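Beneath this line is the structure, given in C-alpha cells, with notes to follow.
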Amino acid sequence: MHDKTLTELAQALDSGELSSRELTDHYLQRIEQADASLNSFITVTAEQARAQADAADQARANGNAGWLTGLPLALKDIFCTQGVKTSCGSRMLDNFTAPYDATVVEKFKAAGTVSLGKTNMDEFAMGSSNENSYYGPVKNPWDLSAVPGGSSGGSAAAVAAGLTPAALGTDTGGSIRQPAAFCGITGLKPTYGRVSRYGMIAYASSLDQAGPMARSASDCAHLLNVMAGHDVRDSTSVARGVPDYAETLNAPLSGLKIGLPKEYFGDGLDPEVEKAIREAVSVYESLGATVRDVSLPHTHYAIPAYYVIAPAEASSNLSRFDGVRFGHRCENPSDLIDLYKRSRAEGFGEEVQRRILIGTHTLSEGFFDAYYTKAQKVRRLIRQDFLDAFEDVDVLMGPASPTPAFDLGAKKDPVSMYLQDIYTIAVNLAGIPGISVPAGFVGRRPVGLQILGTHFAEAQLLNVAHQFQQATDWHLQRPATAEESV
Amino acid sequence: MALEDSHVRRAAHLARLAVSDDQASDFVEDLSRILDMVDQLQGVNTDGVAPLAHPLDATQRLRADEVTETDQRDTFQRCAPAVENGLYLVPRVVE
Amino acid sequence: MQWETVIGLEVHVQLATHSKIFSGASTAFGAEPNSQACAVDLGLPGVLPVLNEQAVAMAVQFGLAVHADIPEVSVFDRKNYFYPDLPKGYQTSQMYHPIVGPGEVEITLDDDTTKQIRIHHAHLEEDAGKSLHEDFHGMTGIDLNRAGTPLLEIVSEPDMRSAKEAAAYLKAIHSIVTYLGISDGNMAEGSMRCDVNVSVRPKGQEAFGTRAEIKNVNSFRFVEKAIAFEVERQIELIEDGGKVIQETRLFDPERDETRSMRTKEEANDYRYFPCPDLLPVVLDQAYLDHLRSQLPELPAEKRERFQQALGLSAYDASVLSASRDMAEYFEEVHHVCGDVKQAANWVQGELSGALNRESLSIADSPVSAVQLGELVQRVLDDTINGKAAKQVFQALWHGEGASADAIIEAKGLKQVTDTGAIETMIDQVIADSPAQVAQYRDAEPEKRGKMIGYFVGQVMKASRGTANPQQVNGLLKDKLDALL
C-alpha cells in the first residue's frame, strides 16, 4: 500500500477499495515500525490523524470528498500547527505548542487531508544534511550511513521510506530539492510568493518558500493545487491566478528548448552524477526536446551572496526568540541581559548561532555596504542571468547536487557543507521555481535531476518532470527500508 | 576583511548570545572562513547595479483599516514562560 | 560670551487608525493588558505584517499639509535591538526611504511674527509596548497592547533658536495633526511624544555645537522647561571649561531638570536593513491628488483667512485657529451672530475663561456654538445688555435653559429701552437722593462726570440690571444738568 503514489491512493479511496482510516492506520504503523532507525518524525499526531481520517471517510460517505480528502501527509516541523508542538528542530521551541495554523496547514485541513505528524529538519531550516536538528540526525532510507539532505530531511526520508505518501517542505537555498535528490523523491520549490509563508517559521524571508515533496511530479501537482495562491496575511504572496497544475501534466514536450548551464557541469561535479544527468537529458531529447548549452555567469557568486543575505535576515528574524513570550527561557536569570543571552545560547544550536553571528556582523556599522548592499547587487545580477537564459530556452536542467548523499558526519567544516548547495541556492536568490526528480543512482544513493523554469512556470516544470517519469521508472524505485511489510 | 575576536564578541553581544572564550575562538575561526568565502563578492563589478531586496518586482498591498482580531490572550500566554495578571514578566528593567 | 541655542525636534504622533499598522488588532486606549496584542503584535513564530492603508493615507495627508515632497516609493526597514517591550527584537520603521520627504511648517511667535521651520522628513513606524515597573516580585511586567500602533515620526531640521520657538513648533504640529484628524493629539495619553535635540554655539559661529537628545518630553510646557534647563546646563558646562557630550538625557518634570540616561548600554548599532516581509510602498499621482482634494483648510490658511477676510488681528486669528475645534466653534458663533468682533471676544473671553476654569476642551463645552451665537445676537440687537449677557451665559453653562432667549424670558432680563419707563425710574432716584443731587450741583463741572456713576448705579439697581446703560447715562445727564 505504501509504495503507491497519491494518485493511486486517491483512486483507491474514491473506489471504496480503501478507507482513509485504513490508510492512516497503515502509515501510522509504518512510522512506528520504521522510524526508530530513520528519525524522520519529531512529533507523530496519531490521535488527530485518526480523527481526521474518520472525518474524511464521513465526508466521502456524504459525497463531500475532494481529490485529496482522506490522504495522509506529513508536515515539516517549521509549519505552525494549532495545538501541536511546532519545534522548528530547535531546543528553543521544544516546549512550543503553536496557537494557530499556518495558512498552508489551514488549506490542507480544508482540503480534508490527514496530518500524520511533524517531520524532522535542520534547526530553523539551516543546514544541508539534517544533522543540525536538536532531535538528532535523520538517516537516509537508501543507506542508513548517509544523510538524507536538508533542511527538509525528515520530509524527504519519510516519503522515500514509505512512512507517508507525501510531505511538505520548505526551501530557502535548496532545502526541498537537495533532500528530494538525496532520497530519490520528487520535490518542488515554487516561485517565491506562489505559496503563503504565513505561519511558516521564517529563516530568510526573501528566500523562503514552501513546496510539496512526494513520489511523483503528478502528486506534487495535486499538492501544489492546494498550496498555491494569494494570502492576504502575507504581503509577499502574489495575487495571481492559480492554474490547475494537474491539467497540463500530459502536454507533449516536442519543441521544448532545454538549456544546460555550463557552470552546473564544471569542477566539483561527481562524474557519476554527471553521467546520470546527461542520460536524463538524452531521455528528453528522445521525447522531442532540443538541448543547448547556456551560461549563468554569476553562478559562482551565489553562495557568497546567499551567506550574506540569508544570515542577515535570519539574525533579525530570530531575535523574537528571547525567552519572554514563548520558547526556551534559562533558569534563574540574574538580569534582563542574562535572560536574553543564556536563553538564546541554550536554545539555539551551533549552526544557528553561527549564522546569527554572521548576519549580525555583516549588518553592523562599517560592514553593511561592503557585505549586505554588495550582496543585494550581486543578487540582481544572478537573477538577470536566469532571465537572460530564459529568453533563449524554456527550462534549465542540471544536477540538484554535485554529489549523491554523503556520509553522516562527513562534512565537519561549515564552508564545505555550504558548497553542497552550489546548484540550488541561486534559484532562491532569483525567486524562480525548481524541481528535483529522481534520475538514477550512484551505488545505492539516488541522483536528482534539477529542472528550473522562469517565474511562475510551475505548470511547465511539473509537465516536464511528469513526462520524464512517464518515460523512466527511477521515481518508482524503493529503498529496502520501504520493502518491509506491515 | 579580517575578522577579529572583538568583532565576534560585539556581534554576540548585539545578538544577545552568551559566548564562552572557547566558543568565541571557534566562532572566529569558522566565521573567518565563511567571510573569506563571502569576500569573493568583492570581485564582482556591480557599478550601476541597484540592490535587489525581493526576487519579484512587486509592490506592497494595503490592508483596510479594520479591527479583525479578538482577544486571545489566554491562548497566547499558554506558551509563555512567565506571566502574571496578563503581563509577561521579565527581570526588573532599570530605566 | 553670547550664546545661541539650536533646537531640532522629533515628534512621534500616534495615528488615529482603528487597527494597528501591521495587524488587525484594535488600537483603543486603556484595554486590559495584552488583550489587544494579537499574534502579529506578539511576534509569534511565523507571523507576517500587512500594511494598514489608513496609516499610509494619514502620513501622506500630513506630508501634503506641510508641503512636503511625497516620494513615489518608500520602504520599510528593520531597526534591530533587544528590549522587552519590543516583541520581535526589531522595530519596523523607515530609515532610508521615508514616506514623507522635506517640507516646512510656519510657526507664530508671541510677537505675532512668523517663522518657517523645515521638516527633514516624516516616516511611519510601529510603536512599542509598555513596561510596568510596579512590583511583581522584583520583576517588570510587559503589556504589548500598544505594540504595533502606527506612529508618524516627524523630524525637523535644527531650525529653532529658542525654547519658545520649539514650543510654537510643537503647537503647530499639534494643530496640523488634529486639523487633519490623523491623531487625537492627546499628549497625556502619549498620542504625541517629543524628543528634543539641543545644542548651543557662540553667537555668529556656523558650526553646530555637540547636541544632547532629551527623551520623552511630553507637554508643551515641559518642552520649554527642559530646553531652558538644558541650555543653561550646556552653557555653564562650556563656560566652566567642560565639554558637552553627545548623549541621551531624560527630562524629570518633578525637578524641572534633565539627567543623563547612563544606565543605557553603550552606543547602539541598530543594523537597519530593508524589511524582507514588506514590499516597497508605491504611491501614484492620482492617489496623491485624491488625498490633496480631501484636505481640510489648515491652520495657516485659516489664520490667513481670519485676518484677511474677517479682519481679525494677527493675535486673535492665531488663537482662534490654534485648534480645529476652536476654529470651527468660532466660525459657527460668527455665522449665527453675524459679528466678527463680538464672536471673537466671546469665544476668547467668557467661553475660554469658563473652559479653563473647569479644564474642559472646547469640544466638551456645555455651551454650544449655536447657543453662544444666539446669545451674542441678543446683545447685538440690544435685547439684553452686557451684564445680563454674562448672566445668560452662566445660565447656559449650567444648563438652566435651552437657549439664550428662553433664559432671558425666564429670568426677565430683557433690556428696558422704553425712554418713558427709564425716565420714571430716574425721576424716582433723583427724588430719593437730595443730598447727592446737592453735591452734584455744587461740584466743579469737570468732576460731575464721575459723580453721575452713583445715579446710574441706582437706576440700574432699580431696573434689576435690565435698563439700557447708555440710555440711562444720557437721560440722567440731561435731567441732572436741568437742575443746575
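Just so you know, these numbers come straight off a predicted model, no measurement behind them. Reckoned from all heavy atoms, side chains included, excluding hydrogens, waters and symmetry mates. Chain letters run A, B, ... following the sequence lines, proteins first and then strands; every chain starts at 1.
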Grab the two heavy atoms, one from [X] and one from [Y], that are nearest each other, plus how far apart they are.
X       : Y        : value
B:Gln60 : C:Leu279 : OE1-N, 2.8 Å
C:Asn34 : B:Gly86  : ND2-O, 2.6 Å
C:Ala25 : B:Val67  : C-CG1, 4.4 Å
C:Phe82 : B:Leu14  : CE1-O, 3.4 Å
B:Ala58 : C:Pro280 : O-CD, 3.7 Å
B:Leu87 : C:Gly141 : CB-CA, 4.0 Å

Do [X] and [Y] have side-chain heavy atoms sitting under 4.5 Å apart?
X        : Y       : answer
B:Tyr88  : C:Leu42 : yes
C:Ile142 : B:Val90 : yes
C:Val281 : B:Thr59 : no
C:Gln36  : B:Asp71 : no

Exercise. Tell me, side chain or backbone of B:Ala82 under 4.5 Å from chain C's heavy atoms, or both, or neither?
Worked result: neither
Problem set entry | Interface moiety of B:Asn85 toward chain C, non-hydrogen atoms closer than 4.5 Å | both
Shorter than 4.5 Å, heavy atoms on both sides: which option in [options] has the most such pairs with chain B?
options                              : result
C:Pro274, C:Ala39, C:Ala57, C:Ala37  : C:Ala39
C:Asp41, C:Thr140, C:Asn80, C:Leu132 : C:Thr140
C:Thr27, C:Ile21, C:Val282, C:Leu278 : C:Leu278

Exercise. In terms of heavy-atom contacts, does NE2 of C:His18 have more than 12 from other residues, nucleotides or ligands at under 6.0 Å?
Worked result: no
Problem set entry | C:Glu32/B:Arg73 under side chain to side chain contact (heavy atoms under 4.5 Å, CB included): CA gap, chis, key distance, verdict | CA-CA 10 Å; C:Glu32 279 288 296; B:Arg73 183 176 79 184; 4.1 Å; yes
For this session: Report yes or no: does B:His54 contribute a side-chain atom to a donor-acceptor pair with the main-chain N or O of C:Asp277 at less than 3.5 Å?
Result: no
Exercise. Is there a donor-acceptor contact under 3.5 Å linking the side chains of B:Asp65 and C:Ser19?
Worked result: yes
Exercise. Is chain B contacted by the side chain of C:Phe76, its backbone, both, or neither, given a heavy-atom distance below 4.5 Å?
Worked result: neither
Seminar exercise, completed: Cut-off 4.5 Å, heavy atoms of chain B, and the answer for C:Val56 is side chain
Seminar exercise, completed: d(B:Arg61 CZ, C:Leu51 CG) to nearest 0.5 Å is 10.0 Å
Exercise. Hey, mind stepping through C:Met139 and B:Arg92 against side chain to side chain contact (heavy atoms under 4.5 Å, CB included) and telling me if it holds?
Worked result: CA-CA 4 Å; C:Met139 308 281 272; B:Arg92 193 161 187 80; over 6 Å; no
For this session: Go through B:Arg63 and C:Ser23 one step at a time and tell me if the side chain to side chain donor-acceptor pair (under 3.5 Å) criterion holds.
Result: CA-CA 9 Å; B:Arg63 174 179 64 77; C:Ser23 82; 5.7 Å; no
